[in-house]
Protein chains: 2
Amino acid sequence: MPNPPPRPGRQARAAAPSEPGGAAASIAAVAALAGVSTATVSRVLNQSKPVNAETRGRVEAAVAQLGYRANPFARSLISGASQLILVVVPDMANPFFAEIVQGIESVMRRHGYNIVLSVASGNGPLDPVYDRLTDGVISLAHAHSQRSGADGTARRDVPWVACSEFMTGADMPYVSIDHAQAAMDAVQYLLNRGHRRIALITAEEDYAWAQQRRLGYETALQRAGLPVLPAYVRVARGTDYGDGSDVAGGLLTLPEPPTAVFAVADTLAIGAIKAFRRAGRRVPDDIAVVGFDNVPLAQVFEPGLTTIAQPMRELGAASAELLLAQLTGEQPPSRVLPHALVVRDSG
Amino acid sequence: MPNPPPRPGRQARAAAPSEPGGAAASIAAVAALAGVSTATVSRVLNQSKPVNAETRGRVEAAVAQLGYRANPFARSLISGASQLILVVVPDMANPFFAEIVQGIESVMRRHGYNIVLSVASGNGPLDPVYDRLTDGVISLAHAHSQRSGADGTARRDVPWVACSEFMTGADMPYVSIDHAQAAMDAVQYLLNRGHRRIALITAEEDYAWAQQRRLGYETALQRAGLPVLPAYVRVARGTDYGDGSDVAGGLLTLPEPPTAVFAVADTLAIGAIKAFRRAGRRVPDDIAVVGFDNVPLAQVFEPGLTTIAQPMRELGAASAELLLAQLTGEQPPSRVLPHALVVRDSG
DNA sequence: CTGAAAGCGCTTACAG
DNA sequence: CTGAAAGCGCTTACAG
């Protein structure tokens with residue numbers, strides 16, 4: 001293992017001016033003011049043992065007077081827990097991830113945890129998990145990256161839940177919808193509407209959910225006795241609007257252009273619609289588009305986006321609950337949440 | 001001050017199974033394996049003092065063999081710094097905030113800091129600042145809430161930067177565009193296009209930026225010799241699409257409806273456009289709409305949104321740099337970043 | 001260049 | 001109910 005880099009902040013901080021308003025009070029100061037031992041102060045603060053009412057009163061008064069708060073690092077050093085959990089997202093710009101993070105945040109906060117956010121753009125040496133900073137992890141990043149650290153070595157065994165992005169049989173608890181089934185539902189809907197030439201706009205295949213949704217797309221076509229045409233499958237670079245536009249254009253110049261497209265993210269779907277319109281096509285008349293996620297924008301955009309709704313907040317909340325259960329020593333089962341097809345105007 | 005609540009996680013964590021794969025190695029284990037003192041191990045890890053090359057080699061080998069990483073809490077207890085900074089956002093769902101967070105994250109990560117995310121929905125007792133968990137704060141929350149804790153008491157004096165949301169003369173460093181000027185530019189543009197009946201859709205006034213933008217709106221009208229009509233000013237509840245739709249409808253039923261509206265957020269502008277269309281109005285022909293922020297969606301939405309572009313990533317990055325400077329004891333000046341009017345199709 | 005020891009700020013058996 | 005003391009895992013003067 002390479003030498004861990006020095007922590008640049010240490011020296012920096014040492015050079016900072018000493019705390020304005022005086023150094024923060026220590027538990028010793030509170031004890032002195034209240035005329036008790038630090039053990040007693042600790043007991044009233046944590047309600048860990050009965051303390052004489054009168055004594056408690058003096059301690060509380062001292063705490064209030066000094067504005068004392070326990071040093072979280074000393075506590076964590078002893079307890080081995082930080083009340084911090086790591087949330088790894090591939091990209092904050094996608095509203096899908098933002099919604100999930102909000103779901104996680106609200107239940108974690110209720111349980112006294114703070115969340116550390118890591119944008120897994122794979123650009124830094126920082127690895128809070130490896131550093132044992134956080135008590136657990138909820139990851140939305142590529143499943144295949146979830147078990148190795150920044151340096152490629154295997155991670156320590158940390159309480160972990162995969163959210164939305166998971167691999168079956170990886171014995172890692174997850175919370176997700178059934179991506180393959182949801183994709184089948186989307187394509188089946190298009191089939192029911194009479195479409196026979198249905199294209200797929202998908203994302204990089206290192207996302208397991210991209211593979212799973214692609215599988216659903218293929219399965220639906222095959223069951224309908226339709227071929228899976230390579231020319232009809234386009235892989236977008238990311239999930240930005242522009243990524244969707246970039247790959248959509250090519251579909252139109254095919255000898256037999258599709259009459260419908262299923263995009264694995266609303267952002268891709270919207271980007272595709274933009275591209276189709278720029279090319280003079282009408283949606284859904286010339287080409288129907290179905291998205292995935294049901295981000296808030298899906299109903300605001302025009303035409304309203306027909307899409308697979310994922311219960312985003314619930315995915316986040318359930319992930320948090322699963323992690324919390326692990327933190328208390330349980331081995332809770334993974335959860336598959338329901339999805340739903342929302343029909344609007346785009347397809 | 002009220003008694004701090006007990007930390008629920010402690011007991012929970014205590015009940016958890018002991019670390020699978022064995023407890024994490026301590027520095028003592030490394031020292032024993034390498035046949036040196038813990039002081040020496042510490043020195044090679046931190047490169048804080050010269051260490052004999054041969055000795056260093058043994059230590060590094062031991063570190064590698066044990067997969068050792070320093071316990072961050074022990075370090076923080078000594079240094080008084082956590083390499084953690086708090087980012088307070090009102091709402092992750094708004095892409096504006098998401099972009100800024102990404103800007104902050106990228107520079108902070110490069111400097112070895114992790115970010116703790118707090119969604120200031122004002123719903124929890126958690127207060128990492130007050131708890132001295134983080135080394136500093138970047139806040140996008142209401143300026144008037146930035147200086148008091150969850151319990152209403154004044155916060156400790158912590159390195160702090162206000163991002164986008166700030167109050168002049170509050171002697172708190174900030175990074176922002178000039179909201180009033182930007183709003184004036186937007187309204188002036190509408191004036192130049194011949195509009196005389198220009199409405200404002202703004203956000204709750206506890207945002208200083210909402211007040212500042214409103215001021216810009218009023219100033220532009222007054223300079224043009226136009227009255228500021230209360231009926232033309234609508235305050236949205238939040239900044240969701242729906243909030244924009246909710247207040248936009250009322251504008252249409254006025255005896256003299258506006259011919260243009262300036263909304264203080266792209267999300268509000270898009271919500272308003274939705275409402276106008278549902279009422280049968282064409283944008284921009286019947287009513288022009290100018291937004292604010294230039295979120296990615298602004299160019300994807302149809303009609304393309306004319307809006308004030310804020311340099312979102314840069315706002316985040318500059319905030320991070322300002323905080324970093326404070327952390328090294330500097331007193332860097334606030335920064336006002338440039339904005340720009342982006343003309344598209346909505347107005 | 002290296003080590004023994006103190007100390008960061010807490011919590012928790014152990015006594016009483 | 002309360003206190004003295006050990007200890008969590010590190011870093012850093014202080015000696016050598």
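Proteins get letters first, then strands, A, B, ... in listed order; numbering begins at 1 in each.
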J.: Quick one, B:Thr40 and B:Lys49 - any side-chain contact, counting heavy atoms below 4.5 Å?
T.: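 They are not in side-chain contact.
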
J.: Taking the side chain as every heavy atom from C-beta outward, state whether B:Asp91 and B:Val89 have any pair of such atoms under 4.5 Å apart.
T.: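 A side-chain contact under 4.5 Å is absent here.
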
J.: Starting from C1' on D:dG9, measure out to CG on B:Leu66 and report it in whole angstrom.
T.: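 It works out to 15 Å between those atoms.
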
J.: Out of B:Ser76, B:Ser82, B:Ser79, which residue meets the side-chain hydrogen bond (donor to acceptor under 3.5 Å, both in side chains) rule with B:Asp135?
T.: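 Answer after filtering B:Ser76, B:Ser82, B:Ser79: B:Ser82.
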
J.: Does B:Ser42 have a side-chain nitrogen or oxygen under 4.0 Å from the phosphate oxygens OP1 or OP2 of D:dC10?
T.: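 Negative; the distance criterion is not met.
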
J.: Please identify each residue that fulfils ring pair (Phe, Tyr, Trp, His ring centres under 6.0 Å) with A:Tyr174, with sequence neighbours left out.
T.: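 Once residues adjacent in sequence are excluded, the partners of A:Tyr174 under the ring pair (Phe, Tyr, Trp, His ring centres under 6.0 Å) criterion are A:Phe166.
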
J.: When you measure from the side chain of A:Ile78, which nucleotide among C:dT2, C:dT11, D:dG9 comes out closest?
T.: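 Nearest to the side chain of A:Ile78 among the choices is C:dT11.
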
J.: Work out how far the C1' atom of D:dT12 is from that of D:dG16, and round it to whole angstrom.
T.: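 Their C1' atoms lie roughly 16 Å apart.
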
J.: Given the rule in the side chain to side chain contact (heavy atoms under 4.5 Å, CB included) test, do B:Ile100 and B:Leu140 qualify, once you have shown the distances and angles that lead to the verdict?
T.: CA-CA 9 Å; B:Ile100 287 189; B:Leu140 295 149; 4.0 Å; yes

J.: CZ of A:Arg58: more than 12 outside heavy atoms within 6.0 angstrom?
T.: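 Above 12, so yes.
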
J.: With respect to the side chain of A:Val36, which nucleotide from D:dG3, D:dT2, D:dT11 is positioned closest?
T.: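 Of the options given, the side chain of A:Val36 lies nearest D:dG3.
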
J.: Starting at atom CZ of A:Arg75, determine the distance to atom P of C:dC10, rounded to an integer number of angstrom.
T.: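 Nearest whole value for this atom pair: 8 Å.
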
J.: Taking atom CD of B:Glu54 as the centre, does the number of heavy atoms from other residues, nucleotides or ligands within less than 6.0 Å exceed 12?
T.: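 It does: B:Glu54 CD has more than 12 such atoms within range.
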
J.: What closest approach, in Å, do A:Glu105 and B:Ser118 show between heavy atoms, and which atom pair accounts for it?
T.: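 Nearest pair, atom of A:Glu105 first, then B:Ser118: OE2-CA, 3.8 Å.
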
J.: Stems involving DNA chain C: give each as a range paired with a range, ordered by first number, where a stem means at least three consecutive Watson-Crick or G-U wobble pairs under 3.5 Å.
T.: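 For DNA chain C the paired stretches long enough to count as stems (3 pairs minimum) are C:1-3 with D:14-16, C:5-12 with D:5-12, C:14-16 with D:1-3.
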
J.: Nearest-nucleotide wise, let me know which of B:Thr55 and B:Ala74 is further upstream toward the 5' end of DNA chain C.
T.: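 The residue whose closest nucleotide sits nearer the 5' end is B:Thr55.
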
J.: Got A:Ile85 and A:Met108 here, is their nearest side-chain heavy-atom distance under 4.5 Å?
T.: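 Counting from C-beta outward, A:Ile85 and A:Met108 do come under 4.5 Å.
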
J.: Rounded to the nearest angstrom, tell me the gap between atom CD in B:Glu54 and atom P in C:dC1.
T.: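 Value for this atom pair: 13 Å.
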
J.: Whole Å only: how far is the CG atom of A:Leu45 from the C1' atom of C:dT11?
T.: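 Atom-to-atom, A:Leu45 to C:dT11, this comes out as 11 Å.
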
J.: Between the protein and nucleotides 13-16 of chain D, list the N/O to N/O atom pairs that are separated by less than 3.5 angstrom.
T.:
from, atom 1, to, atom 2, distance (Å)
D:dA13, N6, B:Arg43, NH2, 3.0

J.: Roughly, in whole Å, what's the span from CZ in B:Arg69 to P in D:dG9?
T.: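 Value for this atom pair: 17 Å.
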
J.: Taking the minimum atom-to-atom distance to the side chain of B:Ala70, which one of C:dC8, C:dC10, D:dC10 wins?
T.: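 Out of C:dC8, C:dC10, D:dC10, the nucleotide with an atom closest to B:Ala70's side chain is D:dC10.
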
J.: What's the CG-P distance between A:Asn46 and C:dT12, to the nearest Å?
T.: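 It is 7 Å, rounded to the nearest whole Å.
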
J.: Hey, is CZ on A:Arg335 packed in by over 12 heavy atoms from elsewhere, all under 6.0 Å?
T.: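 Atom CZ in A:Arg335 is not crowded, with 12 or fewer foreign heavy atoms closer than 6.0 Å.
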
J.: Using whole Å, report how far CD1 of B:Ile27 lies from P of D:dG7.
T.: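 Distance, rounded to whole Å: 18 Å.
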
J.: Name the residue closer to the 5' end of DNA chain C, choosing between B:Thr40 and A:Phe73 according to the nucleotide with the nearest heavy atom.
T.: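 Comparing both residues, the 5'-ward one is B:Thr40.
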
J.: Below the 4.0 Å mark, does D:dC8 have OP1 or OP2 next to a side-chain nitrogen or oxygen of B:Asn71?
T.: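 B:Asn71 to D:dC8 OP1/OP2: no side-chain N or O under 4.0 Å.
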
J.: If you check every side-chain atom of A:Leu77, which of C:dG9, C:dC10, C:dT2 has the closest atom?
T.: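 Among the listed nucleotides, the one closest to the side chain of A:Leu77 is C:dG9.
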
